[in-house]
Amino acid sequence: GAVVSQHPSWVICKSGTSVKIECRSLDFQATTMFWYRQFPKQSLMLMATSNEGSKATYEQGVEKDKFLINHASLTLSTLTVTSAHPEDSSFYICSVRRTDYEQYFGPGTRLTVT
Amino acid sequence: AQKVTQAQTEISVVEKEDVTLDCVYETRDTTYYLFWYKQPPSGELVFLIRRNSFDEQNEISGRYSWNFQKSTSSFNFTITASQVVDSAVYFCALMGYNNNDMRFGAGTRLTVKP
């Protein structure tokens, strides 16, 4: 069965609004979760590492004030895209790591900003 | 720095042909893990294989096989007797032992025509 869930699976929002995406670890507690972004026909790019109980670590070039990450519990991390614009339209994928080599990916959330 | 190169952007074959997807990686870590994922049109990543840097044995799983060569820093993936259902984007990925994230190649889009 699924190890990681994401909600919603797809969302359409208007420019200027904020959107929250949830990532849940279903089988185990995860102190660390990762958020990736994938533009059409491109690879997955790591956006940030979400740490339970502390601030997320953002990759270079990712605006932390625009992509708010909250890892409030050991099974839930949320990504909020604030003041979304059409260029934020993308496929957002989260992942959780159980061991140093086991990483599980969520099914992804397709965001379209109109 | 870690880097994964998948030089083949798109490959098109006819059903029943064999096809090899190339993956070359760069890392300074002595311990690392290599992965292959399949991403069908739905977007969800499907885990195919994980290999650690100390295990150079080739692996076969049904029609899939993998050739890991540390000497050339390559981890190639072969599909034998390809089928239309194999059509997808395939990603090679690298994760260092002490790194927090997984780095993906650009992906290879495989189209298998009937």
Side-chain angles (χ1 to χ4, degrees), chain A residues 1-11 21 23 30-52 54 56-60 62 69 71 77 89-112, chain B residues 1-11 21 23-25 27 29-55 68 75 87-111:
Chain A
V3 178
V4 182
S5 70
Q6 278 185 244
H7 179 79
S9 55
W10 60 269
V11 57
I21 302 170
C23 174
T31 55
T32 304
M33 295 185 180
F34 305 92
W35 286 96
Y36 291 83
R37 178 169 56 184
Q38 184 182 27
F39 290 111
K41 296 193 176 183
Q42 293 190 26
S43 187
L44 284 77
M45 299 300 294
L46 180 68
M47 296 176 66
T49 302
S50 171
N51 304 296
E52 189 270 337
S54 64
T57 305
Y58 291 83
E59 293 297 299
Q60 194 171 8
V62 178
I69 292 173
H71 196 149
S77 175
S89 298
S90 188
F91 193 52
Y92 292 87
I93 305 172
C94 73
S95 71
V96 301
R97 180 172 299 182
R98 176 152 62 182
T99 67
D100 61 341
Y101 56 83
E102 289 180 281
Q103 188 155 331
Y104 299 90
F105 289 86
T109 296
R110 198 165 299 279
L111 170 64
T112 301
Chain B
Q2 298 193 120
K3 184 179 178 182
V4 178
T5 301
Q6 292 180 255
Q8 304 150 308
T9 306
E10 295 191 30
I11 299 176
L21 310 181
C23 174
V24 175
Y25 63 92
T27 180
D29 292 335
T30 53
T31 302
Y32 52 88
Y33 302 93
L34 294 162
F35 302 79
W36 275 97
Y37 287 89
K38 175 182 180 180
Q39 188 178 44
S42 66
E44 185 164 3
L45 287 173
V46 177
F47 168 80
L48 297 178
I49 190 171
R50 175 185 63 242
R51 254 293 173 262
N52 75 53
S53 51
F54 297 110
D55 183 1
F68 177 25
F75 186 43
S87 297
V89 180
Y90 290 87
F91 290 100
C92 180
L94 167 69
M95 186 164 71
Y97 181 71
N98 289 319
N99 287 347
N100 248 346
D101 64 271
M102 182 180 289
R103 298 288 173 174
F104 286 82
T108 298
R109 181 177 300 276
L110 173 66
T111 302

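Throughout, a chain's letter reflects where its sequence line sits, starting with A, and its residues are numbered from 1. When reading the values below, keep in mind they use all heavy atoms of this one structure, side chains included, and skip hydrogens, waters and symmetry mates.
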For residues Phe104(B) and Phe105(A), establish whether the separation of their ring centroids is below 6.0 Å.
yes
Closest approach of Arg110(A) to Gly43(B) (non-hydrogen atoms, all atoms of both residues):
NH2-CA, 4.5 Å
Between Gln39(B) and chain A, which part of the residue has a heavy atom less than 4.5 Å away: side chain, backbone, both or neither?
side chain
Shortest non-hydrogen contact from Arg97(A) toward Met102(B)
NH2-N, 4.3 Å
Under 4.5 Å heavy-atom distance to chain A, tell me which part of Thr9(B) shows up: side chain, backbone, both or neither.
neither
Sort Phe35(B) into side chain, backbone, both or neither according to what part of it lies under 4.5 angstrom from a heavy atom of chain A.
side chain
Quick one: what part of Gln6(A) sits under 4.5 Å from any heavy atom of chain B, side chain, backbone, both or neither?
neither
When Gly108(A), Ser43(A), Ser9(A) are compared by non-hydrogen pairs under 4.5 Å with chain B, the top option:
Ser43(A)
CG of Leu45(B) to CD of Gln103(A), rounded to nearest 0.5 Å, is 10.0 Å
Among Tyr32(B), Phe47(B), Phe91(B), single out the residue with the greatest number of heavy-atom pairs under 4.5 Å to chain A.
Phe91(B)
